[in-house]
Each structure stands twice: as structure tokens, then as C-alpha cells.
Amino acid sequence: MRRSQMLLPTLREDPKDAEITSHILMMRAGIIRKLDAGLYTFLPLGHRVLLKVIQIIREEMNRAGAQELLPPILIPASLWRESGRYEVMGKEMMRLQDRHENDMVLGPTHEEVFTHIVRENVQSYRDLPLNLYQINTKFRDEIRPRYGVMRCREFIMKDAYSFDLDEAGLEKNYQAMREAYRRIFARCGLEVIPVEADTGNMGGSNSEEFMVPSSVGEETIVHCHSCGYVANVERAEAKRELSSSSEEMLALEEIATPNVRTIEELVDFLGVSPQRFIKSLVYRTEHEIVMVLIRGDFMVNETKLKHVLNCIELEPATEEEVFQVTGAPIGFVSPVNLKKKIRIIADESVIGMRNAISGANKKDYHLKNMNPMRDFTWDRVADIHQVQEGEKCPRCSQSLKSYKGIEVGHIFKLGYKYTQAMNVRVLDKNGQSIPPIMGCYGIGVGRTIASVIEQNHDEHGIIWPMSIAPFHGIVIPVNMSDPAVVKAAEAIYTTLSARFEILLDDRDERPGVKFKDADLIGVPIRITVGKSFTEEGKVEFKLRRSEDKHLVALDDVEKFFEAWYEKEMAPYRV
RNA sequence: CGGGCCGUAGCGCAGUUUGGCUAGCGCGCUUGGUUCGGGUCCAAGAAGUCGGGGGUUCGAAUCCCCCCGGCCCGACCA
């Protein structure tokens, strides 16, 4: 490709609305352009990268025995009503009507569609197992699109859905996908960590997210140096020492706490440590209003709580709702003397507490010497606490640490949710009609690319791994008005282009401009035709990732390029 | 949805407080010259509904009202 003919608008300055490195560099290097909030065009340079990543994914999925197909992304609402998700998905799902006023959906995920495809075309155990995938556009109307292609409203995703006769088959498919993902990310030059994850509302036993450790990640990962335990904080557990206190129970006592509401304020006001408090929170779900109790120094993990409550929506109750239930304004709430009977969920941490402090269900008052069982009871005890750094590893009791990560892939066992809801049946060997068991496996393609840039850049720009670089090499004639230089560059370009992807920077620009651009767009191998060519007939080879330079005679260019290409490609062949 | 900041040429911004001539600067773009190993230099030029609508005024990018859009933070700790 000739640079002079390519739509490759590089920017000298950082775009003002780009916050993170990958977003800034993708804009500056002419990889993407924004069309609207969360909507991006992949320009020709970016498209080349995109196709390479897609190709790697495709090869590895095929290698793992999955089959690619291409369903529509415009989906009739009826399929979503069958699974029950039409109502559940909320505003994140793009909805529209066709000319006949039929409700339609732009697919945010494709469980229903793939389940339907299997339902229509599979009748017997002989047709299973199946692992079907697509590399296709997804729509999610995110509350807040962010960070360029990292979180956007329309994006490309590889999603696969496996169908098996039994759990053993699912396990096999799951492990095959796990291995495929490991290979895919390795080939893309991306370091990822598989992390135990929450399964969402799908239930199921296993779920892992492939995380790229990064300060700009939106997920929090909890890990243990000592034994290697790693989990998404949504799911993470900790070994808690909640030995019950043997303090003598004292008489319940009301204390005036004018305008003191938060645990933090109470700690200051009363001079008592936060472990002495019971935090009483009131939540609303789609089914009910509930009270949740947890020790004052812990935080509630809403993902865990959702599982316990078996609900999809979970929000803090409004001021009025809290008042109706407790008779007190927010800040003075407790499980003692509730005005209205509601379910109470207690975290494990409150059961053994003695002489605790919590609200009095009365404005400007709290209660002290509150004791579980004596003063209040609960409907259920559960672990609903959010693990914090410094807590103990659930396996080895060492201190847990946390860091941020970008979720680039997610694999999990779905179970029977969709095949049952949508009445998929196959006959097993005994002629019994049974629903297949499903797994699903996703990779965010744009997010993978952005993550590669987060991991591979310097102050000058992107440093592409050879495997997904938009070009293998760039040829820079230093002076376009020197016919000998131009002629040599053209010859190199023509020769190499027969076997490699080469960009020829044939613009009539100063050398500095070309070097800066070459660094910015991150092409792995650079060949400069300039001073050394004029003086001694040699061209200069340089790797983007290193400062070393090598002079090479014209006749040896192809051989040399091949050697460097192979060397640069080697780490990504797995 | 709440809070904060912002919207002026393709990009980055100044000008708005205190209304005033023809709306500026840098980059980029076009033309001519110059230069040629790390974003040359010189000259000339094209390019703007000042986010939109309404109002106040002799006069509005600037003041007032309404609307739209964007970015950031938050939307669990009572």
C-alpha cells in the first residue's frame, strides 16, 4: 500500500475527549474515528488489524471444533419473549419496530437465536455435540459508553454457543474453549489471566473471565500471591474470622445522634470502631423490599446479594420506601422495631455480634447494645460481603490483594436455561426426549485490540505485535526529490510486497514527519532509504520495538526482511 | 438518572467576566518557493449557521429563557 493513496489521518495532538492511552493512540494513529457516542468507524488501518484478530479467532475456534455461521442481528422480539428476557433486558437492549409494527431487537447477545437454530435443525443425539459461533456486530445501549472502543454501543464480538447431551460433554467443550482462548490471546500478543467470575443470572457451575491487568480496567480482580487464587470481586470470597463475641449482653439503650447518619459520621461522633456497628440497608427488587444487615466495616456485594434474593433488579430503596418500612429516615434504620414486616437478610458477619450499634428507626436516634436473636432476627444468613484488600484468602488464608482488569473474554456454562425455556429437545440413545445443555463463550474484538495497545506502546505510539500489525513493514524514502532514493524504495516495496504486507511512505514529506508517523502507527519493521543508501548503497533496518539499526545491501533486503519477520512472528506462533 | 465541566474552521484552543468595527491563534489543508535522517523555513490563500431556537438591545460568540449534544465523576454503604 502506498501511503499517499491511503486514508490514514494521523493526528499530532491528543483528541480532547480521549482519556486512556489506547483510545488516544487509536485516534491519533488513524485507526478509528467516532461517529457518535459509543459508535466508531474502523478506518483502513484499523480494519486491517481487526481482520487479523478476527482471523486468529476464527482459526482457533475452528481448530477447537467450532463451526462459524452468520445469523442476523435484527431479531424478532418473539424469540426474546420465549426466553423471558424481552422484559428483563431493560434499556440496554436496542428495540425497534418494523413497518408492520412488529417488535424487533438489535441483538445484544445471541443465546436465543442460536438456541432457536439448534431447535429447528437438531433432533437427535447423533447431531451433538455442537459448538456454533459467529463473529458479528452486537448492540448494547450502554448507560455510559467510554474509553473509545473499550465500552461502546455497537461492537464486534465473537460469540459461541455449545450444545451437549450431558454435563460431561459440556465440560469438554468448555475446556476446549478455555484452551482456544488461551491460544487466541497469546497469538494476539496479549497477556491475559483467567479469573473466576460470577455467572450472572444464568446459574451454572463454572465461569471464567479472561482479564487483561490494567489500571484502566473496569473490573476488580482479587488475588492471592501465595496460592494463586484469582477471582472477580463480584464473586470473590474471603476467609472471615467471625468468632462470636462472649461479651455479656447489655440492656438495649437509645442514644441521641442528631443528624448523624453514616457509619463514618457515627464513628466520629461516638468514638467507636466501625466493627461495632450493624449497617442496615433497605433494597428494592422487582419482587419485594428487603433489609440487609452487615457489619459496619464491610461492604455489600450486590452481585452476591442478587443471587441470594434471586432477583434481577436491585436498587437501594427510596427515602419514602425506607420510611414506610421503618418509620425512620435514611440513616437511622435498623431491624429492631420495624414498622412493617419485610424479609431480612443477614450477612454472616452480624450473627456473632454483641452489643452492637445500629439505627433506632427513629429520627436522630440510634440504639446501642443491640444483640442478634435477643433484639432482632432474620430470614436468611448468607455471605453477601464484598471482599476487600487485606482480607484472607479463602484457600490459604494469606492476605488478598486486588487490581483492575479489562475483561476481553468470558466463558461459562449456561446449563439448561435456554433449551428448557425455548423447548429444545433431542432424542438420546434410549429414545428419551431431553434438552441439551449449553455453554457460551465470548470475545470482544475491539476491546482485545484496545487492550493490546494498552500493553504495547511507548511515548511515540503503538508497538504492534507482528501477528496483528496492520503492515509487516514500512519503507521510508527519506528524500522524494532524490530519484535514486525513490527508485530504490520503490524496488524494495515491489519486491517485498509479493510476500509481505508493506506500506510505502511515498509522501513528499520531511523525514521527521515520516519517522514520527511510522512510530505512531507502530509498524514492526522499518526500512529507511536515505543517507546510508546514497553513501554506500545500503538501507537501514530498524524494529519498532528496539533502537538497534542494521545496514543491509539492496540485494539482501528480501532475505533480511524474511529473517526479521520470522523472528518477530515467532513469539506469537503457539 | 444526579453532579461538574464543555460546545467558536478538519483538529487543538483564545475571545464570553465588562455586548461594539471585518471573529482570532496554532496545527492541518491549497498554491508557489525552500529544505531533505526525527513533526524545515518563507510567502500567498481557502475554510466558521460562534451547538439550535427564542428574547433583550441601535448592536449579541458575549446578557436572559428554552432545547440539543458531548466529556468526566457518581448512581450500594444510610
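To find a chain, count down the sequence lines: A is the first, B the second, and so on, and within it residues start at 1. What you see is a predicted model, and the numbers here were worked out from it, not measured in a lab.
- To the nearest whole angstrom, the two P atoms, one in C50(B) and one in A61(B), are 7 Å apart.
- Rounded to a whole angstrom, the distance from the P atom of G51(B) to that of G10(B) is 13 Å.
- Taking atom P on both nucleotides, G48(B) is separated from C25(B) by 15 Å, rounded to a whole Å.
- Heavy atoms of R284(A) sit nowhere under 4.0 angstrom from any nucleic acid atom.
- Within 4.0 Å (heavy atoms only), D517(A) reaches at least one base atom of the nucleic acid.
- Rounded to an integer number of Å, the gap from CD of E509(A) to P of C29(B) is 6 Å.
- Spacing between G20(B) and A46(B) at atom P, rounded to whole Å, works out to 26 Å.
- Taking atom C1' on both nucleotides, C21(B) is separated from U62(B) by 16 Å, rounded to a whole Å.
- The residues E501(A) and R48(A) are annotated as salt-bridged, a charged nitrogen and a carboxylate oxygen being separated by less than 4.0 angstrom.
- Put simply, the side chain of D36(A) and the base of G69(B) share no donor and acceptor less than 3.5 Å apart.
- Looking at heavy-atom distances under 4.0 Å, K16(A) makes contact with sugar-phosphate atoms alone, never a base.
- Backbone-only engagement by E19(A) is indicated by non-hydrogen atom pairs under 4.0 Å involving sugar-phosphate atoms exclusively.
- Residue contacts shown for R28(A) include a base, since a base heavy atom lies under 4.0 Å away.
- One finds no salt bridge joining E234(A) and K304(A) here, because no Lys/Arg side-chain nitrogen approaches an Asp/Glu carboxylate oxygen to under 4.0 Å.
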Quick one: which protein N/O atoms are closer than 3.5 Å to N/O atoms of nucleotides 43-51 of chain B? Pair and distance per line, please.
none

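- In this structure, V292(A) reaches neither bases nor backbone, as no heavy-atom distance under 4.0 Å exists between it and the strands shown.
- Geometrically, R447(A) does not engage F155(A) in a cation-pi contact defined by less than 6.0 Å to the ring centre and at most 45° from the axis.
- Within the nucleic acid shown, D482(A) has no heavy atom closer than 4.0 Å to any nucleic acid atom.
- Nucleotides G3(B) and G45(B) are separated by 50 Å at their P atoms, to the nearest Å.
- In this structure, of G38(B), C77(B), G39(B), it is G38(B) that holds the atom nearest to the side chain of D519(A).
- Going from atom CD1 of I474(A) over to atom C1' of G37(B) covers 14 Å, rounded to whole Å.
- Look at C71(B): its Watson-Crick or wobble partner, with both distances under 3.5 angstrom, is G4(B).
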- Message: As a quick check of understanding, evaluate side chain to side chain contact (heavy atoms under 4.5 Å, CB included) for L520(A) and K516(A), giving each step before the final call.
- Response: CA-CA 6 Å; L520(A) 182 59; K516(A) 290 282 185 195; over 6 Å; no

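- Using atom P as the reference point in both C27(B) and A44(B), the two lie 14 Å apart (nearest Å).
- Remark: the separation of the P atoms in C65(B) and U18(B) is 15 Å, to the nearest Å.
- One finds a salt bridge joining R2(A) and D506(A) here, because a Lys/Arg side-chain nitrogen approaches an Asp/Glu carboxylate oxygen to under 4.0 Å.
- Rounded to an integer number of Å, the gap from CG of N479(A) to P of G38(B) is 12 Å.
- Atom pair M291(A):CE and C77(B):P shows a separation of 15 Å (rounding to whole Å applied).
- In this model, no side-chain donor or acceptor of R12(A) finds a partner on the base of G38(B) within 3.5 Å.
- Nucleic acid contact class of V333(A) (heavy atoms, under 4.0 Å, all strands): none.
- A cation-pi arrangement is absent between R153(A) and Y40(A) under the rule of less than 6.0 angstrom and at most 45 degrees off the ring axis.
- A salt bridge is defined here as a Lys NZ or Arg NE, NH1 or NH2 lying under 4.0 Å from an Asp or Glu carboxylate O, and R545(A) with D458(A) fails to meet this definition.
- The ring pair (Phe, Tyr, Trp, His ring centres under 6.0 Å) pairs that include a residue from residues 500-545 of chain A are F500(A)-F561(A), F500(A)-Y565(A), F541(A)-F560(A), F541(A)-W564(A), where partners are two or more places apart or lie in different chains.
- In this structure, R284(A) pairs ionically with E321(A), as a charged nitrogen and a carboxylate oxygen lie closer than 4.0 Å.
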